[in-house]
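Take a look at the structure set out below.
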Amino acid sequence: MKGLLRLYPRSWRKRYGAELEDLVDQTPGGVGVALDLVIGAAVAYRDVIAGNRILAAAGACLHGMCVAVLVQAIGFVTLILVAQRSEDPTNLGFGPFDFATVIRTSYFRLGEVQNQATLVPAIYTSWLPEAALLLTLALWLAVLLAAPRLLRRLR
Amino acid sequence: MRRITAAVSLVLLLLVAAAVAEAGLLGLLVLFTSVLRLYLVIEIAGHYLQMSSLDVSSFLQVGIRNAGTIGSFLLTLACGLGAAAYRYRRWRPVA
């Protein structure tokens with residue numbers, strides 16, 4: 001259990017480490033105490049980061065990049081979903097810039113799975129996998145956006 | 001001299017953070033390629049990275065062009081920088 005104290009920031013341990021060690025010695029231990037210590041370490045790090053302007057900006061930078069990555073992943077899946085419904089090639093571009101292209105192939109009518117020509121595309125053109133992925137990504141994005149507020153609420 | 005070193009370190013750190021974020025995005029794209037059974041081609045400065053399932057033929061061919069790759073990197077970098085600048089300007093000492 002005492003090993004969990006190493007999760008706390010060094011400055012915090014120097015100030016309160018001995019007191020907390022005594023407190024941990026007096027408690028019977030268990031999953032609840034371990035969870036308390038882990039959450040306490042997260043709160044201690046949050047306080048250290050929030051108290052330093054540079055660290056706070058660095059944390060916000062990482063958060064912003066994570067949000068950007070998730071938004072791009074959502075955009076990618078949405079593009080696939082849209083392109084799946086379109087007979088023509090789907091282009092994603094802005095002005096002279098061409099970012100991405102999605103083309104539907106007619107391989108199934110020519111290849112070795114000729115007999116399943118009507119069945120296989122029906123499976124592949126199902127929008128359910130894309131919708132499930134979109135929902136999962138949207139949930140992750142919501143959690144990521146709410147994370148700073150949730151961390152601020154922790155005491 | 002110290003300021004220049006700090007500025008160069010900051011730029012390098014930002015680039016590394018953006019590169020790691022882009023690697024995470026690439027990992028997600030690999031996962032999507034597998035789940036959605038796509039044939040994915042990513043163009044990176046004249047080189048091509050191709051991904052597809054070996055056992056299944058792809059119904060959709062997705063090509064991400066150079067502009068898309070560079071745009072994605074710049075967007076990630078811009079979002080990080082924007083969030084950092086916003087927090088830096090609005091930062092107040094904890095009471």
Side-chain angles (χ1 to χ4, degrees), chain A residues 46-48 50-73 75-77 79-81 83-84 89-108 110-113 120-121 123-125 129-130 132-133 137 148, chain B residues 6 10 13-14 17-29 31-43 56-95:
Chain A
R46 177 207 63 188
D47 291 343
V48 168
N52 183 306
R53 194 174 200 173
I54 303 285
L55 285 180
C61 177
L62 292 180
H63 186 250
M65 283 180 178
C66 289
V67 170
V69 163
L70 268 182
V71 167
Q72 287 174 76
F76 181 81
V77 179
L79 177 69
I80 301 297
L81 197 59
Q84 213 176 38
T90 308
N91 282 311
L92 179 70
F94 182 75
F97 302 108
D98 227 1
F99 294 130
T101 310
V102 185
I103 303 167
R104 269 172 66 165
T105 57
S106 53
Y107 176 83
F108 295 107
L110 306 168
E112 56 189 15
V113 283
V120 178
I123 295 167
Y124 280 73
T125 51
E130 283 91 344
L133 273 179
L137 287 170
Chain B
L10 187 68
L13 267 173
L14 268 173
V20 170
E22 285 296 292
L25 180 61
L26 183 66
L28 279 177
L29 292 194
L31 180 74
F32 298 160
T33 303
S34 168
V35 171
L36 304 176
R37 291 166 181 178
L38 305 171
Y39 179 77
L40 178 71
V41 181
I42 300 174
E43 187 182 355
V56 184
S57 303
S58 306
F59 179 61
L60 286 174
Q61 294 184 352
V62 187
I64 297 175
R65 306 279 174 82
N66 244 337
T69 314
I70 296 167
S72 165
F73 187 82
L74 290 180
L75 179 73
T76 307
L77 199 62
C79 280
L81 271 175
Y86 180 79
R87 179 56 53 86
Y88 190 80
R89 285 173 68 92
R90 291 183 57 108
W91 182 85
R92 297 281 177 275
V94 181

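Just so it is clear: chains get the letters A, B, ... in the order the sequence lines come, proteins before strands, and each one is counted from 1.
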Practice problem: For each of A:Gly59, A:Cys61, A:Cys66, A:Ala58, tally heavy-atom pairs with chain B at distances under 4.5 Å, and name the one with the top tally. | Solution: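 Between A:Gly59, A:Cys61, A:Cys66, A:Ala58, the count favours A:Cys61.
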Self-check item: Among the listed options A:Val102, A:Leu137, A:Val77, A:Thr101, the residue most often paired with chain B at heavy-atom distances under 4.5 Å
Solution: A:Thr101
Quiz item: Considering all heavy atoms of both residues, which atom of A:Ala68 and which atom of B:Thr76 are nearest to each other, and what is their separation?
Solution: CB-CA, 3.9 Å
So how far is it from [X] [atom1] to [Y] [atom2], rounded to the nearest 0.5 Å?
X	Y	atom1	atom2	answer
A:Phe97	B:Ile70	CZ	CD1	9.0 Å
A:Gln72	B:Leu28	CD	CG	10.5 Å
B:Ile64	A:Phe76	CD1	CZ	5.0 Å
B:Leu38	A:Ile80	CG	CD1	4.5 Å

Quiz item: Quick one: of B:Arg65, B:Glu43, B:Arg92, who has the most non-hydrogen atom pairs under 4.5 Å with chain A?
Solution: B:Arg65
Quiz item: Under a 4.5 Å heavy-atom cutoff, which of B:Leu75, B:Leu31, B:Leu77 has the most pairs with chain A?
Solution: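 Looking at each option in turn, the highest pair count goes to B:Leu75.
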[Y] side chain reached by [X] side chain, heavy atoms, under 4.5 Å:
X	Y	result
A:Leu133	B:Leu36	yes
B:Leu60	A:Arg104	yes
A:Met65	B:Leu25	no

Exercise. Sort by residue number and list every member of residues 83-90 of chain B having a non-hydrogen atom under 4.5 Å from chain A.
Key: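 Residues of residues 83-90 of chain B touching chain A at under 4.5 Å: B:Ala83, B:Ala84, B:Arg87, B:Tyr88, B:Arg89.
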Quiz item: Which residues pass the side chain to side chain contact (heavy atoms under 4.5 Å, CB included) test with B:Val41, sequence neighbours left out?
Solution: B:Tyr39, B:Tyr48, B:Gln50
Exercise. Under 4.5 Å heavy-atom distance to chain B, tell me which part of A:Val69 shows up: side chain, backbone, both or neither.
Key: both
Practice problem: Name the region of B:Leu40, side chain, backbone, both or neither, that has any atom closer than 4.5 Å to a heavy atom of chain A. | Solution: side chain
Practice problem: Kindly say whether A:Ala50 contributes a backbone atom to a donor-acceptor pair with the side chain of B:Trp91 at under 3.5 angstrom? | Solution: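 Here the side-chain-to-backbone pair exists.
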